[in-house]
Amino acid sequence: MALLDIKDLKVHFYGRSGLLSRKKKPFKAVDGISFCIEEGQTYGLVGESGSGKTTTGRAIIGLNPLTSGNITFNGRDLTMERRRGKITFDRNIGMIFQDPYSSLNPKKRVLDIVAEPLRNFERLSPKKELAKVQQLLAQVGISADSIYKYPHEFSGGQRQRIGIARAIALKPKLIIADEPVSALDLSVQAQVLNFMKDIQKELNLSYLFISHDLGIIKHMCDQIGIMYRGRYVEQGSSDELFSNPQHIYTKRLLSAIPVKEPAEREKRAREREAIAEEFQTSYHRYFDQEGLAYPLQHIAGTHYAAAQGTGGR
Amino acid sequence: ACSNKGGSEPSASPTGTTDSSPSPSASAAAPESNDDGLFNVSDFNNIKTNEGEAIAGGTLNYGLVSDTPFAGTLNFNFYSGQPDVEVLGWFDEPLLTWDASYVYTNDGAATYEVSEDGRTFTFTIRDNVNWQDGTPLTAEDWEFAHEVIGHPDYDGPRYDGGMINVQGMAEYHDGKADKISGIEVLSDKQLRITYIESNPSLITGGIWSYPLAKHIFKDIPVKEMSASAAVRQKPVGIGPFKVESIVPGESVVFVKNPDYWRGEPKLDKVVLRVVNPSNVVQEIKTGGVDIVGSFPVDQFPDNAGLSNVEWLGAVDRAYTYIGFKLGTWDAAANKVKPNPDAKMSDVNLRKAMWMAVDNDAVGKQFYNGLRWNATTLIPPSHPEYHDASNPGITYDPEAAKKLLDDAGYKLNGDFRTKPDGSELTITFISMTGSEIAEPLSRYYVQAWKEIGLNVQLEMIEFNAFYNRVGDTGEDDPSVDVYQAAWGVGIDVDPAGLYGREAIYNFSRYASDENDRLLAEGLSEKAFDKEYRLKVYKEWQELMVQEVPVFPTLYRAKVVPVNNRVHNYYIGDGTDMYVYNIAVNADKAIAAK
Amino acid sequence: MQNELLTIQHLTTSFKIEDHYYAAVDEVSLSVKPNEVVAIVGESGSGKSALAFSIMGLHARAKSEGSIAFEGYNLNSLGPNELNKLRGKHIGMIFQDPLSALNPLMTVGDQIQEALILHQPNMSKKERKRKVIELLNSVGILQPDVIASSYPHELSGGMRQRIVISIAIANEPKLLIADEPTTALDATIQLQILDLIRKLKDDIGAGIILITHDIGVVAEMADRVAVMYGGQIVEIADIHTLLSDPRHPYTRSLLRSIPSADTPKTKLYSIQGVVPSLKHLPRQGCRFRFRIPWIGESSHEENPQMHELSPGHFVRCTCYQNFWFPGEEDIQNGAS
Amino acid sequence: MPLLQNEAFAARSPSSLTILWREIVRDKIALVSLVFIVIVTAFVYITSLVLDQEQIVRVDLFALNKAPSAEHWLGTDYGGRDIFGQLIIGTRNSLTIAFLVTMLTGIIGISIGVISGYFGGMIDNFFMRVVDFFLILPFLMIVIAFIAVVPKYSIYSFTLIMTAFLWMGIARLIRSKALQERELDYIKASRTVGTSHAGIIFKHVLPNLSSIIIVSMTLNLAANIGLESGLSFLGFGFPEDTPSLGTLVSYARNAQTLESRPWIWLPASSLILVLMLSINNVGQALKRAADARQRRG
Amino acid sequence: MGKTITRRFGIMVPQIILLSILVFLLAKQMPGDALTGLLDPSVDPAVIESQREKLGLNNPWHIQYWDWITKAIQGDFGQSFRFKMPVLDLIGERISNTVWLSLATLILTYLIAIPLGITSGRYNDTLSDRLITGYTYLGFAAPLFIFALLMLWLFGFKIGWFPTSGSVTPGLEPGTLAFVISKMYHLLLPATSMALITTVTTVQLLRSEIIDIKHRDFIHTARAKGASESRIYNRHILRNALLPIAAFFGYELTGLIGGTIFIESIFSYPGMGELFFSSILLRDFSVMITIILLYGIASILGALVSDLILGLIDPRIRIK
Ligand SMILES: Nc1ncnc2c1ncn2[C@@H]1O[C@H](COP(=O)(O)OP(=O)(O)OP(=O)(O)O)[C@@H](O)[C@H]1O
Ligand SMILES: Nc1ncnc2c1ncn2[C@@H]1O[C@H](COP(=O)(O)OP(=O)(O)OP(=O)(O)O)[C@@H](O)[C@H]1O
Ligand SMILES: [Mg+2]
Ligand SMILES: [Mg+2]
């Protein structure tokens, strides 16, 4: 059984309805997506800006109330709790945020930051707490003497690792990582990615890894879902997707990856042109009237892609 | 302190003041303070000393000293505030004038004859008295004034004791009659009024002598009269000057009324404008105004030596006093209900409190002698009635202490206790809002503390003050002592303030002796002045003995008059008239 | 050499921090030819933007020394009036954040027009309007008249970036400086913008300075690449050489730390430590030495100089000769 | 993994309070101002313990309006009361009022602001309607109307009335900051590790607004010092046995006093001016400090 | 736009009703009433009592309130007891003075604030900036009334350049040029005195806005286009910097209301402030309530105007 099972998840936002203004049409940020994450696996979520990746992640942990759909985690049905927008705390889910600067309270010492979950759920003596925090910091590779420092005394990568220490303090099974490295410099980015992999092995973690950098996604993920305007257009293992993209949107996304070899510029440019043209001509085959993707269809193995409509042929 | 003048009769003087009493002295120069910086009202002139030759015409600038704009109810029949009177005085006047002892004379626009029983008056209006719009003034106008004031819809404050004294007025007011039976128009210029009761105060201010121009007001519903343009924008009177233009609340320009019945005024123009009390000195110094209606007495000493003005002074018809709560108001019976167990009911305590305060020093120090120790409840503004031989109770703290000791108020620590040994805390309330009210009140508290009385002061604003002393009949039981001031009517009769049936008798004092004296003061016999003098002398004596209230200070008023002004005067009975006022130069003189 | 469009020599730009001047751009020399894309890469804080701003003369309170020769002028010593005649006309600049780079209170059409008004005052109003439409067309905007009368906040990020570009190219500049033009954008939109810049280069033949920290973008666009570290250029070479034969330890580390869709899921390389802040930057010796402490001090030059390894390929400091990645001690010269 | 701490991060981190403090110490004018405020405050509170207040407000008939002398350092007022003593007690009273009003408006404003901003939605809607309502009230007039109602007008009733109509400014400020704050990831991070709303408000939101709170309370304090003097001037001051700076200043309403007895109103006016200037200086320095910190990120 | 305005008016109604209830309750709580001051021993207390009855002063507050509000809705705000005239007429007489004073002050405020703010913001940390900043600090700290008193004393009396009281020279025909000039002349000193103090917040705001904006990216864009400094300030910085000032306009109005009360009292300028005072002292409740309501409405309208201006100049704020 999968660790996390999402079925037909929908998150709709309603415009602010004040006393005197009428309700507007809901904005469908996430509009019916389903996926599972197996234990110890990394599941990648890709898509362009605004496609609903963050919203999905936040709905799972409870920061955005669900509109409909089911969430089963670790054999437990979280749906009702999440509908009410409650974070009835499940210590088995943690979250890492995109911005290592804003996700750590600048006024708190590292000790307080990392100990926060412990203080909430495990009543430890100060001594034990300190030991635990030190152990966690050691785990993320931050020297124990940093415990009384403040976040701004650390580099972006270090901060991100402090964030991870906080996320793993309660030994979660799943960590939702929302663009954990996109705010970081190249070299630091590598640090964090490496570290995330290490700790995954060590703690048998699962990740929901959200990013729009396909390079990173491919580097990190076992399974990948590709989102477009709140829906899935394609889903499958890393290999399946990268070697055999089915949906035109996936293809276009892949073709946008910059070349590595300057020599290939010409070739790549021609490929891109071809895909762009295909995107234009066969748009209606892949998207409905509202420009949304059709439901997924099984392709092979774990590979699914949005069905093709009748518009084109 | 807020002075609520007793008399209903507005002043006839253009200065609109309610003071009086020609000062006995006639020294020509500006008064000098004596060695210790004190002034004495008797050293002031109340008529301007003329210098040089008056020019023909000219414009006089008059400062109406007030920190609020004038309300603009410019008709004697409707006005209610002091500022408006000052405006009114320039363009309107009563038909009757009075002499130095406030008795109606026959020098005014109308003359009168009294019947044998003193109740029926026949008035004759002079032929040349016209409204400023040219319409002759008639007896009907006078009758009309009574009808309007007595009308149920009338919203002004003139429906008072004097009005009700007109025969048939009450019936008319209640709607039971459509004519006032006591008023009879004999001819265009002749009117007869019959009063219910005749007493000495009827001929000192008991007659309503302000006509209302019927040809202007007859079509205006009574309810709307006071707000009408005829009152507010284009008022018409019979006085020496006519209203030319009004800037509401701030200024009025008058031009002379060549048709004035006494003769053509000397000035061409009078410009009246409101001057804030805090700027008045500057305005006078710079010659911005020639004269002012009133002058803050505390600013006088510093400016006594101004080179461009002469200071006129007169005794004010008012006094400050301290009252003791001796009972409550019985609303059902409509009379005072003395409470013999009141905290202040021991006359020795009250006397001691009077003895403890040095009003002489207060007058000298706070007012440089322009207010001085008061002795009796009839002030020297009524020189005949004021009993100068009665010293009141004089300052003597040692005697006060002894008096209290003897009366059983024993010193226990800092303060004295009641004769029964319980604690004695006296609540004293006083009004905020006047220049010196606060230190003065505190001084009294200190003085009482000196003789061992624990007096707690509360300074409150005037609405709250009168509410607590009981102006609606509900006395606040927590108040024991209060400080207030009264203006005195032009008739001396004090019954409105000290009678058993007077709601304004805030001390709630009543005694048979008091009732008797007050009644006798208004009796038939009192038409005999000597008798009346004797009665009020006795009354003053009684009040000093009983001390339901004790007077603290008498007052003088002083006003500066620019040296270019001729024939200006303050007070009544001076034989001077507004139309004679003149100037000797085009421009006011500025101070050096 | 004479066909260089821009030649920067020994440019040093310093900022005042707490009463001391610290150089954010330190002795940088660089040249750009017409129709050439020179990319500048480097970590955040390495001085890329500071360099671009120096060329444009946009620094309000900085001290700038050295020469920036452009068409016979030394930009670094021009008065504001003369500079204004060049800026926007011969030199255009594209900014990193397209939202904040546009005045929120003016329609984008007016903002483009402003560039025309300033340098082609004789143009009639009508002509200008036509030109704006033309420019918007050329940057691939489909409804130019609608867009021209919109305000920046009404447009998407990609659209805004196109507007910023059309402002920069309004007067067909000879030099275009693009400071991270795609960092804020999605991969697909990034691609469109890059295409656009390339097209411009081809159309007007301008020289382009492309600032980025994305090696992918460099590989897509650049003819020559300068790598900056700590305010200095540490390596400069043509694109092929740099990607195939990087020498400076920093360049090599950088290239090794990129995860990409093509590389296997091996461990990525990460550089130790962080870029020091301006104030704490080591000013003596090789600036990178603290981040490769396993290389002995002796490998570094005392006063690191640029060494020309092959024509056009310069590397700073001699430490490159002795650099090896930790754990790969045996391979002395090895990367990619 | 070997780690290298860069010297850039070596310095011991200062808390936001120490940063503010440091900034003040660096700013000479602000430092002088702060020292001045502390000295005045200390002096005034300590001396007023020693001074016999009853003696000071004692009316002395024989020393009215006396110019400064050895006996009365700053002369006397129209009740013969010592100005110097009144100045000290008045300053104490005025400072007390200003402190109280600042504190109370602070507490109310911060509570409402934080609750409103943090929770948002209907709660925010409700509180903002309330704030809107208070904002349309013509402050001075309503306050005067309230003063007319209050039976016993004292420092405390004054403080309460003022507080009732002055809490909105800080509430709006705190609300808008809290709105921004709650969108920051570390608040969400706290939620994901199970911290309660109250916990987040007290442990995260408020501490992070502390510098803004300090700055705005300081600036409010400066503004509040002038509050009472304006009302005194209009004739709604305290009774004279409660000396205040405003009472002393409002004596200047009398032209005579304004022109020829400057010792009565000038010291109090100058003191108000200098106190407000000083507190404002400190406040502005704090503001700069808080801003700079934000810029540094 | 029309919709916003109607919606705002919709919110305004309950606010104003609430305000009127509050003020009514306050009025009821005040000791005394309009007849308290009428202490005349020769007037029978029964007559006064019957007047009280006639004026409805003896009714419970909610009945008085109901009477009042039903009439008020029809535009009848009652009668002033002191002035014996309809409240609206009375206010009509006074309001023009206050409006002129406020308007003159407002104009002067901006006339002073904008050049000073620009100088200070543009050349920040120069000598002139320091002088201006010093002035703003002083202006912030100086009590308005002391400053105004000194101005009156100096320019009104000592030097004598300006009239010292009133709103117009007596005797001028309304509508004539001389009348208008005299009005302006009387306004000048009070308005300047007030503007010099109230302007400091605007100067400070403008300065900090300019300093903030001149470091924004779009200013770099403008520079990179080759725009001259003056163009950058006039075209780009100023408009953006004026936004918050426009947003502040509503509050500026509310602030003015407070200030004019002082100024009117010092310069004996008959306006609403004085009217309010005397009506509260003399318990002329109908006047008092109407004035407070009027000011309440003025501040709502001020805020609305602010929003409308903001909506007009800031395209990001859409007004439907
Ligand atoms: N609280 C909210 N209220 C209304 N709309 C929201 C809310 N949160 C997100 N949205 C909208 O939902 C859509 C999806 O947002 P989401 O943040 O999930 O996208 P994303 O894929 O994470 O994009 P990015 O790559 O930019 O982070 C966006 O259009 C966003 O504007
Ligand atoms: N106006 C300034 N005052 C002081 N220091 C500055 C200023 N502008 C930039 N710096 C500093 O100069 C250094 C170089 O900054 P620059 O913006 O050029 O870096 P960058 O390479 O563009 O980085 P990024 O990739 O983050 O844009 C940094 O340390 C920065 O903090
Ligand atoms: Mg996201
Ligand atoms: Mg940059």
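Excluded from the calculations below are hydrogen atoms, water molecules and symmetry mates; all remaining heavy atoms, backbone and side chain alike, are included. Proteins get letters first, then strands, A, B, ... in listed order; numbering begins at 1 in each.
Neither the backbone nor the side chain of B:Phe254 comes within contact range of chain E; no heavy atoms are under 4.5 Å apart. No part of B:Tyr498 comes within reach of chain E, as not one of its non-hydrogen atoms sits under 4.5 angstrom from that chain. Using a 4.5 Å cut-off between heavy atoms, B:Pro152 contacts chain E through its backbone alone, with no side-chain atom that close. Contacts between B:Ala502 and chain E at a heavy-atom distance below 4.5 Å are absent for every atom of the residue. Neither the backbone nor the side chain of E:Asp89 comes within less than 4.5 Å of any heavy atom of chain B. Only the backbone of B:Val274 comes within less than 4.5 Å of a heavy atom in chain E; its side chain stays farther off.
Looking at B:Asn463 and E:Met30, their side chains never come closer than 4.5 Å, going by heavy atoms from C-beta outward. Under the 4.5 Å side-chain criterion, counting only non-hydrogen atoms from C-beta, B:Lys285 is not in contact with E:Phe157. B:Ser226 is not listed as a side-chain neighbour of E:Met85, based on a closest heavy-atom distance of 4.5 Å or more. The side-chain heavy atoms of B:Pro69 and E:Arg94, taken from C-beta on, include a pair separated by under 4.5 Å.
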* Residues B:Ser245, E:Glu173; criterion side chain to side chain donor-acceptor pair (under 3.5 Å); working and verdict -> CA-CA 8 Å; B:Ser245 67; E:Glu173 189 72 31; over 6 Å; no
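Ranked by heavy-atom pairs shorter than 4.5 Å toward chain E, the options B:Arg273, B:Glu283, B:Glu244 are led by B:Glu283. Highest contact tally toward chain E, considering only B:Asn279, B:Val275, B:Val231, B:Thr73, is held by B:Asn279 [criterion: heavy-atom pairs under 4.5 Å]. With chain E as partner, the option from B:Ala495, B:Ser66, B:Ala71 having the largest number of non-hydrogen pairs under 4.5 angstrom is B:Ala71.
In this structure, E:Glu93 CD and B:Arg232 CZ are separated by 6.5 Å, a value rounded to the nearest 0.5 Å. Going from atom NZ of E:Lys158 over to atom OG1 of B:Thr286 covers 10.0 Å, rounded to the nearest 0.5 Å. Rounded to the nearest 0.5 angstrom, B:Ser251 OG and E:Leu172 CG are separated by 9.0 Å.
Contact detail for E:Ser278 and B:Thr68: the closest heavy-atom pair is CB-CG2, 4.3 Å. Taking every heavy atom of both residues into account, E:Leu281 and B:Glu461 meet most closely at O-OE2, 4.1 Å.
The side chain to side chain contact (heavy atoms under 4.5 Å, CB included) test with B:Glu250 is passed by exactly one of E:Ser165, E:Pro170, E:Ser167: E:Ser167.
Scanning residues 261-270 of chain E against chain B with a 4.5 Å non-hydrogen threshold yields E:Ser265, E:Ile266, E:Ser268, E:Pro270, sorted by number.
Remark: B:Lys335 NZ is loosely packed, at most 12 non-hydrogen atoms of other residues, nucleotides or ligands lying under 6.0 Å away.
Using a 3.5 Å distance cut-off with no hydrogens or angles, the side chains of B:Gln282 and E:Thr164 do not pair a donor with an acceptor.
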